[in-house]
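One structure below.
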Amino acid sequence: GRGKAVCTEARVTMLQGWIFRRLLHRQKHEDSDMGLTSPPILSRLYQVISDGTLGFHQAAKVMDTPFPFPYHNLIQVFLVLYVVTV
């Protein structure tokens with residue numbers, strides 16, 4: 001089989017960890033252009049990846065928070081009143 005399903009938030013966090021580990025490995029152990037990259041640029045790269053992950057978690061929080069049922073009903077009533085009057 002394919003194993004157990006992993007939740008989406010865990011996948012995003014795992015992928016971020018893979019990217020960070022790969023960047024660190026390239027900086028320290030490989031002779032590449034990454035060693036010539038200045039620290040402010042690398043810092044900005046890490047910041048952009050972190051900002052993307054933060055945005056994902058904020059969107060997941062909005063998705064997971066249930067919308068109150070009374071508000072839903074009230075909006076429906078106001079929408080019907082609006083359609084009838086206008």
Side-chain angles (χ1 to χ4, degrees):
R2 295 185 58 169
K4 291 175 61 175
V6 179
C7 72
T8 306
E9 290 185 28
R11 289 180 187 178
V12 171
T13 304
M14 181 173 55
L15 185 62
Q16 180 191 18
W18 288 348
I19 293 171
F20 281 158
R21 277 186 279 171
R22 181 66 184 141
L23 289 173
L24 283 170
H25 185 267
R26 282 192 70 180
Q27 279 179 276
K28 291 184 178 183
H29 303 294
E30 292 182 11
D31 293 330
S32 64
D33 295 341
M34 201 74 152
L36 304 175
T37 307
S38 65
I41 293 174
L42 289 174
S43 172
R44 182 67 175 178
L45 180 62
Y46 289 121
Q47 180 183 358
V48 167
I49 295 170
S50 293
D51 288 346
T53 305
L54 180 64
F56 170 79
H57 285 293
Q58 288 175 344
K61 191 180 350 175
V62 169
M63 183 69 183
D64 292 339
T65 304
F67 194 73
F69 189 68
Y71 288 139
H72 176 266
N73 289 341
L74 191 61
I75 289 172
Q76 291 294 327
V77 168
F78 286 148
L79 188 60
V80 168
L81 287 174
Y82 177 76
V83 168
V84 169
T85 58
V86 174

Applying side-chain contact (heavy atoms from CB on, under 4.5 Å) to Thr13 and not counting sequence neighbours gives His57
Distance col, row Tyr46:OH vs Ile41:CD1, nearest 0.5 angstrom, shows 13.0 Å
Sorted by chain and number, sequence neighbours left out, side-chain contact (heavy atoms from CB on, under 4.5 Å) with Gln47 holds for Arg44, Asp51
Members sharing Phe78's hydrophobic cluster, built from side-chain contacts under 4.5 Å between Ile, Leu, Val, Met, Phe, Trp and Tyr, are Leu74, Val77, Leu81
Residues joined to Val12 in its hydrophobic cluster, side chain to side chain under 4.5 Å directly or through other members, sorted by chain and number, are Phe56
Interatomic distance, CE@Met14 vs CD@Glu9, rounded to 0.5 Å, equals 13.0 Å
Is a side-chain N or O of Ser43 found less than 3.5 angstrom from the main chain of Pro39, in a donor-acceptor match? no
Practice prompt. Give a yes or no on whether Trp18 and Leu45 share a hydrophobic cluster (residues Ile, Leu, Val, Met, Phe, Trp, Tyr; joining criterion: side-chain heavy atoms under 4.5 Å apart).
Written response: yes
For Val84, the other hydrophobic cluster members (4.5 Å side-chain criterion, sorted by chain and number) are Val80
Connected to Val62, directly or through other members, by ILVMFWY side-chain contacts below 4.5 Å are none
* To do: Measure up the Phe67 and Tyr71 rings against each other and bin them: parallel (under 30°), tilted (30 to 60°), perpendicular (over 60°).
  => tilted
